[in-house]
Engineer: 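Please read through the structure below; I'll follow up with questions.
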Amino acid sequence: PLCSHYFVLLHRVPLIKGKSARESLEEQGLWDEYRGKFPFNPTRFDDQSLSVSSEQMTNDADLAYFGVISIGTPPQSFTVIFDTGSSNLWIPSIYCSSAACANHNKFNPGLSSTFKNAGKSLSIQYGTGSMTGFEGFDTVVVGGIPVKNQIFGLSQSEAPFMAHMKADGILGLAYPRLAASQATPVFDNMMTQHLVNKDMFSVYLTRNSEVGSMVTFGGVDPNHYYGQIAWIPLSSQMYWQITVDSVTVNGQIVACNGGCQAIVDTGTSNIVGPQADISSMARAVGAYSANGDNVVNCNSINNMPAMVFHIHGQAFTLPASTYVRQSTYYGCRTGLQSSNSDLWILGDIFIRQYYSIFSRAQNMVGLALAR
């Protein structure tokens, strides 16, 4: 009975793998224009001190995984990105007249009997604009778990690129230190309100299938990984930040020589690192630069080498099939992107290959080969 009781306490939120903004824009022939207007800024941080005055969110056009939550009494439903690289929850509100709000679900606080205005404004900076609004408290239901008095942002204006985002809003799963305007993150409330069996959640992302991706609150789902879990202590408790010892291709160190810092980030689709290192990795796997992408010949994927991330004494291997993206209109490109920060981002490309467990109880990330 103990065993079955444990499973009852796992709360699963299915994620839909939809079309990314890039895929939709490519289909409409608008990608080049969009990219010129909203150059990708993967930087989530002010690198001077890694201190965050107002939370950075990226305009990542490749994001494709969304889950549904509800807010209010009676519940109003929204799709959100479950984002381990930020800490605030926010959604569009009926007070927003930006283009980005016109094509998304909007929260109407007047229709919720449990809504309370927090009397605080909120501003979240993006690579190419910002979201501004105000904060409120209400019941938020995530994976069947009702979180009472959850503070969240209601947008009043949103940056233009957000009109192309599939999700209505964002649910941040990083540490409270990262939250704009000291808002308590959703998972912190789940812990303090004793709504989860264990103070951890895990993320499984499918490779191709639209269904099957999952965020599991309160534990680990053994159906989603093989073998042992490698537990890696965090080097900083703000993002889910770990130390990477090196990155090798064909046994040679090609990046992160002497070690580097990386965040495990469900809210970034690719692998992001400093320009020189990313160029070195791209060269090592045979990619060349075109149109701001690291491009490869689609026919050579089977002959391309794996990238190996050495973390806490273990090797995490990404075969070419995992780090090359195929586009109907633009051929094949690697999921390698450079930024002007020293902090690496291990995004969805990495998480698809390695089931990722985020333990607040131990302040560790667990990684296991995804099924």
Engineer: Test ring pair (Phe, Tyr, Trp, His ring centres under 6.0 Å) on Trp240 and Phe358; report intermediate values, then the result.
Structural biologist: CA-CA 8 Å; Trp240 290 93; Phe358 300 87; 5.2 Å; yes
Engineer: Is the side chain of Tyr65 donor-acceptor paired with the backbone N or O of Thr206 at a distance under 3.5 Å, no angle test?
Structural biologist: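 At least one qualifying donor-acceptor pair exists.
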Engineer: So, for Phe115 and Phe137, is the gap between ring centers shorter than 6.0 Å?
Structural biologist: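 No; Phe137 has its ring centre 6.0 Å or more from that of Phe115.
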Engineer: Less than 4.0 angstrom from a charged side-chain N to a carboxylate O is my criterion; do Asp221 and Arg12 meet it?
Structural biologist: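 Yes, Asp221 and Arg12 are salt-bridged.
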Engineer: What's the verdict on ring pair (Phe, Tyr, Trp, His ring centres under 6.0 Å) for Phe161 and Tyr34, showing C-alpha distance, side-chain angles and the deciding distance?
Structural biologist: CA-CA 8 Å; Phe161 78 84; Tyr34 171 92; 7.4 Å; no
Engineer: Side chain of Ser24, backbone of Ser20: donor and acceptor closer than 3.5 Å?
Structural biologist: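 Checking the backbone N and O of Ser20 against the side chain of Ser24, a donor-acceptor pair under 3.5 Å is found.
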Engineer: Is a side-chain donor or acceptor of Ser338 paired with a backbone partner of Ile278 at a separation under 3.5 angstrom?
Structural biologist: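 No; judged by distance alone, with no hydrogens or angles, the pair does not exist.
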Engineer: Any side-chain donor paired with an acceptor under 3.5 Å for Tyr355 and Ser202?
Structural biologist: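 Per modelled atom types, Tyr355 and Ser202 side chains form a pair under 3.5 Å.
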Engineer: Quick one: pull up CG in Asp32 and CG in Leu25 and give me the separation to the nearest 0.5 Å.
Structural biologist: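 Answer rounded to 0.5 Å: 10.5 Å.
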Engineer: Taking all non-hydrogen atoms of both residues, which atom of Lys106 and which atom of Cys96 are closest, and how far apart?
Structural biologist: CD-O, 4.4 Å
Engineer: May I ask you to check whether Tyr204 and Tyr225 place their ring centres under 6.0 Å from each other?
Structural biologist: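 Aromatic pair excluded; centres sit 6.0 Å or further apart.
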Engineer: Grouping I, L, V, M, F, W and Y whenever their side-chain heavy atoms are under 4.5 Å apart, do Met191 and Phe201 come out in a common cluster?
Structural biologist: yes
Engineer: Quick check: do Leu346 and Ile351 have side-chain heavy atoms less than 4.5 Å from each other?
Structural biologist: no
Engineer: Would you find a donor on one side and an acceptor on the other, under 3.5 Å apart, between the side chain of Ser279 and the backbone of Gln275?
Structural biologist: yes
Engineer: Looking at Lys148 and Pro146, would you say the former's side chain and the latter's main chain have a donor-acceptor pair under 3.5 Å?
Structural biologist: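 Between the backbone of Pro146 and the side chain of Lys148 there is no qualifying donor-acceptor contact (under 3.5 Å).
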Engineer: Using a 4.5 Å cut-off on heavy atoms from C-beta on, say whether the side chain of Ser181 contacts that of Glu135.
Structural biologist: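 Contact flag for Glu135/Ser181 side chains = yes.
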Engineer: Between the side chains of Ser93 and Gln156, does any donor sit under 3.5 Å from an acceptor?
Structural biologist: no
Engineer: Does any part of the side chain of Cys256, heavy atoms only, come nearer than 4.5 Å to the side chain of Asp245, both counted from C-beta?
Structural biologist: no
Engineer: For the backbone of Val264 and the side chain of Thr84, can you confirm whether one donor and one acceptor N or O come within less than 3.5 Å of each other?
Structural biologist: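 Yes, because the side chain of Thr84 sits within donor-acceptor range (under 3.5 Å) of the backbone of Val264.
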Engineer: Give a yes or no on this: more than 12 heavy atoms of other residues, nucleotides or ligands lie within 6.0 Å of atom NZ of Lys120.
Structural biologist: yes
Engineer: For the side chain of Ser246 and the backbone of Asn257, is there at least one donor-acceptor N/O pair under 3.5 Å apart?
Structural biologist: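 The answer is no, because no donor-acceptor pair under 3.5 Å joins these two groups.
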Engineer: Salt bridge between Asp188 and Arg360, side-chain N to carboxylate O under 4.0 Å?
Structural biologist: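 Salt bridge: yes.
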Engineer: Rounded to the nearest 0.5 Å, how far apart are CD1 of Ile151 and CG of Asn189?
Structural biologist: 9.5 Å
Engineer: Is there a donor-acceptor contact under 3.5 Å from the side chain of Asp168 to the main chain of Thr79?
Structural biologist: yes
Engineer: Just by distance, with hydrogens left out, do Gln76 and Ser70 show a side-chain donor and acceptor under 3.5 Å apart?
Structural biologist: no
Engineer: Would you indicate whether Gln193, at its atom CD, is surrounded by more than 12 heavy atoms from other residues, nucleotides or ligands within a distance under 6.0 Å?
Structural biologist: yes
Engineer: Is it the case that the side chain of Thr114 and the backbone of Gly72 share a donor-acceptor pair, with hydrogens and angles ignored and the cut-off at 3.5 Å?
Structural biologist: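 Absent.
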Engineer: As an exercise, state the distance from CZ of Arg325 to CG of Asn270, rounded to the nearest 0.5 Å.
Structural biologist: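 The distance works out to 4.5 Å.
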Engineer: Ignoring hydrogens and angles, state whether a donor on the side chain of Arg207 or Gln353 is under 3.5 Å from an acceptor on the partner side chain.
Structural biologist: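 Yes, side-chain donor-acceptor contact under 3.5 Å.
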Engineer: Would the number of heavy atoms belonging to other residues, nucleotides or ligands and lying under 6.0 Å from CD of Glu27 be above 12?
Structural biologist: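 It does: Glu27 CD has more than 12 such atoms within range.
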Engineer: Quick check for you: to the nearest 0.5 Å, what is the distance between Met190 atom CE and Ile145 atom CD1?
Structural biologist: 4.0 Å
Engineer: Can we say Arg283 and Asp277 salt-bridge, meaning some charged N sits less than 4.0 Å from an Asp/Glu carboxylate O?
Structural biologist: no
Engineer: Could you point out which residue of Ser98, Ser157, Ser121, Ser155 forms a side-chain hydrogen bond (donor to acceptor under 3.5 Å, both in side chains) with Thr132?
Structural biologist: Ser157
Engineer: Checking side chain to side chain contact (heavy atoms under 4.5 Å, CB included) for the pair Thr268/Asp348: CA distance, chi angles, key distance, verdict?
Structural biologist: CA-CA 6 Å; Thr268 295; Asp348 293 345; over 6 Å; no
Engineer: Using only heavy-atom distances, determine whether the side chains of Asp83 and Ser86 contain a donor-acceptor pair under 3.5 Å.
Structural biologist: yes
Engineer: Do Phe316 and Tyr354 have ring centroids that are under 6.0 Å from one another?
Structural biologist: yes
Engineer: Would Arg22 pass as a cation-pi partner of Tyr330, given that its NZ or CZ must be under 6.0 Å from the six-membered ring centre and within 45 degrees of the axis?
Structural biologist: yes
Engineer: Is there a donor-acceptor pair closer than 3.5 Å between any side-chain N or O of His104 and the backbone N or O of Met165?
Structural biologist: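 Between the backbone of Met165 and the side chain of His104 there is a qualifying donor-acceptor contact (under 3.5 Å).
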